[in-house]
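Input: a single structure, listed below in structure tokens.
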Amino acid sequence: MKHTAALIAAGLALAVASGAAVAQQKLVLKASDVHPTGYPTVTAVENIGKKLEKVTNGRLSVAMYPAMQLGGEKEAIEQAQVGAIAFARVSVGALGPVIDDLNVFNLPFVFRNTEHMQHVIDGPIGQELLDKVTNSGKGLVGLAWMDAGARNFYATKKPIKNMADLKGMKVRVMGNPMFVAMANAMGANGIAMGYDQVFTSLQTGVVDGAENNPPSFVFDNHFQVAKFYTVDEHLIVPEMVVFSKKIWDTLSQDEQALLVKFGKEAQQEERKLWDVYEKQAMDKATAAGIQIIKVSAEDKKAFQAAVKPVWDKYGPKYADMVKRIQEVK
């Protein structure tokens, strides 16, 4: 009897010890970004990892895979959906085809300027759209917004000063029908393509140009082959950090709350990093002899008028949200 009792006691002790070991088991959360180390969005997610590691005494940490190591944004979304990675930092341009409500931010010239966009994502509309992602049933949790500046056209062969210069140009856009329609409405030939293919396509002439913010243009080396950068701000598309719902559901409520808290902090931290980084990009482009063209107010109005067909086709379903966006001061 004593022997049996001792065995049971030993078994219970082992079970408790095993349970404690599982509780302390370290979980490394994989994160993906198409941009290189040092890019504001990469640093912001890495900082979430540092905070998690500190608060959880090393139980939770983040392993960042920058510079397209795990593929483009479409691949990152898919990997998060199946739980292969935890964090995916992706543009709303790439997320729109997965969660349609987000496409309201993909309408050209929907924001007056970047400050207007920031007020929208920091307020009730921003939270509402994060919740739409979480409740979409698409296997993702909307964690935080990230600034990505304004998107502008750039070209390899000639400067784009007005609508006439865009005519017939093959221009790479993100894989979203709204962006293809936008480029086509402006007179270009919109080519949907993954971000990981852009540099080579510019280099080999598969496309004549593309459109993106200054840091992407410079720090992903597109400026080495495209020598003309036109500031027209046709899109101000924020980005989002999404989290795998599959992994989210394995975490405790306290751990989920930490992710939400650190996500909100990252949203503000990344913005400060972004402002510095964008200025560095423009300075580097200027020093490299890139011809930077700022479209006139008159030409900008022409761009805005040209995308009316895009608004006519895609805008009506977002009419209520667009009205709310425009009312944000």
Side-chain angles (χ1 to χ4, degrees), residues 39-41 43-45 47-48 89-96 99-136 140-152 174 176 178-179 182 211-216 231-243 259-279 281-282 294-295 297 300-301 303-304 307 310-311 314-329:
Y39 198 90
T41 56
T43 302
V45 174
N47 287 344
I48 291 176
R89 195 289 311 149
V90 291
S91 171
V92 168
L95 208 50
I99 297 149
D100 184 64
D101 290 284
L102 300 178
N103 276 317
V104 67
F105 283 177
N106 293 327
L107 287 163
F109 302 108
V110 72
F111 296 112
R112 293 187 292 275
N113 48 42
T114 53
E115 188 181 20
H116 178 215
M117 181 275 296
Q118 290 167 352
H119 289 162
V120 171
I121 63 173
D122 287 350
I125 292 172
Q127 187 57 52
E128 191 177 312
L129 290 175
L130 287 174
D131 293 341
K132 291 261 189 191
V133 173
T134 303
N135 300 322
S136 66
L140 301 169
V141 173
L143 206 57
W145 293 101
M146 298 266 140
D147 272 39
R151 296 177 76 93
N152 306 292
M174 283 183 281
N176 187 317
M178 292 176 75
F179 298 147
M182 176 199 71
E211 49 84 56
N212 217 318
N213 54 51
S216 297
V231 180
D232 67 294
E233 300 186 328
H234 54 269
L235 288 169
I236 301 173
V237 181
E239 301 183 335
M240 194 184 282
V241 177
V242 293
F243 197 89
L259 282 166
V260 171
K261 178 179 185 290
F262 296 150
K264 293 280 182 234
E265 291 172 5
Q267 183 165 318
Q268 299 304 319
E269 290 165 9
E270 187 268 350
R271 185 170 298 166
K272 291 173 185 170
L273 294 170
W274 180 266
D275 289 343
V276 173
Y277 208 63
E278 190 169 61
K279 185 181 183 307
M282 289 301 273
K294 291 191 177 178
V295 296
K300 188 162 184 175
K301 281 180 185 172
F303 280 116
Q304 290 170 322
V307 297
V310 181
W311 275 81
Y314 295 101
K317 70 159 88 171
Y318 310 113
D320 291 343
M321 182 61 83
V322 167
K323 185 172 182 292
R324 287 175 61 197
I325 289 169
Q326 289 172 343
E327 286 170 352
V328 173
K329 301 300 180 196

Minimum-distance pair of heavy atoms, taken over all atoms of [X] and [Y]:
| X | Y | result |
| --- | --- | --- |
| Trp311 | Leu107 | CZ2-CB, 3.8 Å |
| Thr114 | Ala150 | CG2-N, 4.2 Å |
| Ile121 | Gln267 | O-NE2, 3.7 Å |
| Pro214 | Glu278 | CD-OE2, 3.7 Å |
| Phe262 | Ile48 | O-CG1, 3.9 Å |
| His116 | Val110 | CE1-O, 4.2 Å |

If you round to the nearest 0.5 Å, how far is [atom2] of [Y] from [atom1] of [X]?
| X | Y | atom1 | atom2 | value |
| --- | --- | --- | --- | --- |
| Thr43 | Trp274 | OG1 | CH2 | 12.0 Å |
| Ile125 | Met321 | CD1 | CE | 5.5 Å |
| Leu129 | Leu95 | CG | CG | 10.5 Å |

Say whether Glu211 and Asn152, considering side chains only, have a donor N or O and an acceptor N or O under 3.5 Å apart.
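On atom types as modelled, these side chains do not qualify, holding no pair under 3.5 Å.
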Any side-chain donor near an acceptor of the partner, Ser216 and Asn213, under 3.5 Å
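Yes, a side-chain donor-acceptor pair sits under 3.5 Å.
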Sequence neighbours left out, what passes salt bridge (charged side-chain N to carboxylate O under 4.0 Å, His left out) with Lys279? Give chain and number order.
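Scan of Lys279 (salt bridge (charged side-chain N to carboxylate O under 4.0 Å, His left out), adjacent residues dropped) gives Asp283.
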More than 12 heavy atoms from other groups under 6.0 Å of CG on Asn113
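Yes, the 6.0 Å shell around CG holds more than 12 heavy atoms from other groups.
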Before accepting this row, confirm whether a basic side-chain N of the pair Arg89/Glu239 lies closer than 4.0 Å to the acidic partner's carboxylate O.
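Looking at Glu239 together with Arg89, the answer is yes, because their closest N to O distance falls below 4.0 Å.
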Got a salt bridge between Asp122 and Arg271, using NZ or NE/NH1/NH2 to carboxylate O under 4.0 Å?
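Here Asp122 pairs with Arg271 in a salt bridge, since their nearest N and O are under 4.0 Å apart.
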Could you check whether any side-chain N or O of His234 sits under 3.5 Å from a backbone N or O of Pro108, counting only pairs where one atom can act as donor and the other as acceptor?
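Flag not set: sc His234 to bb Pro108 has no pair under 3.5 Å.
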Pair listing, salt bridge (Lys or Arg N to Asp or Glu O under 4.0 Å) test, anchored in residues 99-111, at least two apart
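Every pair satisfying salt bridge (Lys or Arg N to Asp or Glu O under 4.0 Å) with a residue in residues 99-111: Asp100-Lys317, Asp101-Lys132.
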Assign the ring pair Phe105 / Trp145 to parallel, tilted or perpendicular, where the plane angle (0 to 90°) is split at 30° and 60°.
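Plane angle between 30° and 60°, so tilted.
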Sequence neighbours excluded, which residues qualify as side-chain hydrogen bond (donor to acceptor under 3.5 Å, both in side chains) partners of Arg112?
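For Arg112 there are no side-chain hydrogen bond (donor to acceptor under 3.5 Å, both in side chains) partners, ignoring immediate neighbours.
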